[in-house]
Amino acid sequence: MLKQKFSQSQSFRMVAVAIAGAIIGFLTYELIYLLNPLESRATSSWTFAFFVGVARQHHLHRIITFKSKSPYPKSLFRAYTMYSGSALSGALLNYFLTDIYSINHHLAWFVCLIFTSLISLFLLKRYVFSTGLPSQSERAIHE
């Protein structure tokens, strides 16, 4: 049954990996938050957990969502490059939510998750796991 689920459409696999990653990401965040002695505890914990999550999500998307054959270091570098903008904007958003507006750090984590996920949705396939060849829709535009 598990094999059948992983043979589903790429969109289904992407959503499944995103949900699993969000659950694991929240647990990672909680652990880091509990151990974190730094000021702006929620924001620094969110940032650390985010960068740990990049490697995890990259690997899961690579083997499950896209079944990529591209060189691992190249796609991982692309992932960290792409996600660095998301990390900066997410950290700023988290800081404003938790330190400026005093919103609960769990709610802020969730808002930042949605925010950065929307950015990733548009860039993941196009940039991180790109084969360098134009997609079918891109070819149609140029014809």
Side-chain angles (χ1 to χ4, degrees), residues 2-3 5-101 103-143:
L2 191 58
K3 185 175 181 176
K5 289 294 181 196
F6 286 128
S7 67
Q8 298 290 328
S9 73
Q10 188 177 72
S11 297
F12 175 85
R13 293 189 314 265
M14 181 178 275
V15 169
V17 167
I19 291 169
I23 293 166
I24 297 167
F26 181 73
L27 296 173
T28 303
Y29 168 78
E30 282 293 296
L31 179 62
I32 291 171
Y33 185 85
L34 288 172
L35 301 173
N36 188 355
L38 300 176
E39 288 292 319
S40 295
R41 186 173 173 194
T43 301
S44 57
S45 298
W46 184 89
T47 304
F48 291 140
F50 184 89
F51 280 106
V52 168
V54 169
R56 179 196 60 249
Q57 286 305 105
H58 169 266
H59 186 71
L60 291 174
H61 280 304
R62 180 180 172 78
I63 62 172
I64 297 171
T65 305
F66 301 109
K67 301 177 182 177
S68 177
K69 303 286 189 231
S70 66
Y72 193 87
K74 182 178 180 178
S75 64
L76 183 60
F77 176 77
R78 285 179 172 179
Y80 273 105
T81 301
M82 181 196 82
Y83 285 121
S84 62
S86 294
L88 179 60
S89 8
L92 288 171
L93 176 59
N94 191 283
Y95 176 79
F96 280 105
L97 293 174
T98 57
D99 289 352
I100 305 297
Y101 295 110
I103 292 176
N104 178 278
H105 71 100
H106 292 118
L107 178 58
W109 176 88
F110 183 73
V111 169
C112 292
L113 170 73
I114 298 302
F115 176 72
T116 56
S117 294
L118 291 174
I119 294 170
S120 300
L121 180 66
F122 293 109
L123 297 176
L124 189 63
K125 181 177 181 180
R126 183 164 283 228
Y127 181 69
V128 176
F129 293 105
S130 169
T131 60
L133 302 172
S135 68
Q136 193 172 19
S137 59
E138 290 170 326
R139 286 191 302 267
I141 291 171
H142 296 292
E143 290 177 351

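Because only heavy atoms are used, hydrogens play no part in the values below, and waters and symmetry mates are left out as well, while side chains stay in.
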J.: Could you walk me through whether D99 and T43 pass the side-chain hydrogen bond (donor to acceptor under 3.5 Å, both in side chains) test, one step at a time?
T.: CA-CA 8 Å; D99 289 352; T43 301; 4.5 Å; no
J.: How many angstroms lie between OG in S70 and CZ in R78, if you round to the nearest 0.5 Å?
T.: 7.0 Å
J.: Going by the rule ring pair (Phe, Tyr, Trp, His ring centres under 6.0 Å), which residues pair with Y95 if we only count those two or more places apart in sequence or in a different chain?
T.: none
J.: Could you label the plane-to-plane angle of the F26 and W109 rings as parallel, tilted or perpendicular, counting under 30° as parallel and over 60° as perpendicular?
T.: perpendicular
J.: Can you check whether M82 reaches S120 side chain to side chain, under 4.5 Å on heavy atoms?
T.: yes
J.: Enter the distance from Y29:OH to W46:CH2 here, rounded to the nearest 0.5 Å.
T.: 10.5 Å
J.: Please name the pair of heavy atoms, one in T116 and one in S86, separated by the smallest distance, quoted to 0.1 Å.
T.: CG2-O, 3.5 Å
J.: Just wondering, do K67 and R13 contact through their side chains at under 4.5 Å, heavy atoms?
T.: yes
J.: Is the number of heavy atoms from other residues, nucleotides or ligands within 6.0 Å of CZ (F110) greater than 12?
T.: no
J.: At what distance, to the nearest 0.5 angstrom, does CG of L38 lie from CZ of F48?
T.: 5.5 Å
J.: For A108 versus T98, what's the shortest heavy-atom pair and its separation?
T.: CB-CG2, 3.5 Å
J.: side-chain contact (heavy atoms from CB on, under 4.5 Å) with T28: which residues, sequence neighbours excluded?
T.: I24, I32, A49, V52, R56
J.: What pair of heavy atoms forms the shortest contact from L76 to A55, and how long is it?
T.: CD1-CA, 4.3 Å
J.: Mind checking whether F66 and H61 have parallel, tilted or perpendicular rings, split at 30° and 60°?
T.: tilted
J.: Within this structure, what is the CG-CD1 distance for the pair N94 and I100, rounded to the nearest 0.5 Å?
T.: 11.5 Å
J.: Just to verify, what does Y72 make a ring pair (Phe, Tyr, Trp, His ring centres under 6.0 Å) with, not counting sequence neighbours?
T.: H58
J.: Give me the atom names and distance for the closest heavy-atom approach of S89 to F115.
T.: CB-CE2, 3.6 Å
J.: To the nearest 0.5 Å, tell me how far Y83 OH sits from I119 CD1.
T.: 10.5 Å
J.: Any donor-acceptor pair under 3.5 Å linking the side chain of S84 with the backbone of T81?
T.: yes
J.: Report the distance from atom NZ of K69 to atom OG of S75, rounding to the nearest 0.5 Å.
T.: 12.5 Å
J.: Compare every heavy atom of H105 with every heavy atom of A42, then report the nearest pair and how far apart it is.
T.: CB-CB, 3.6 Å
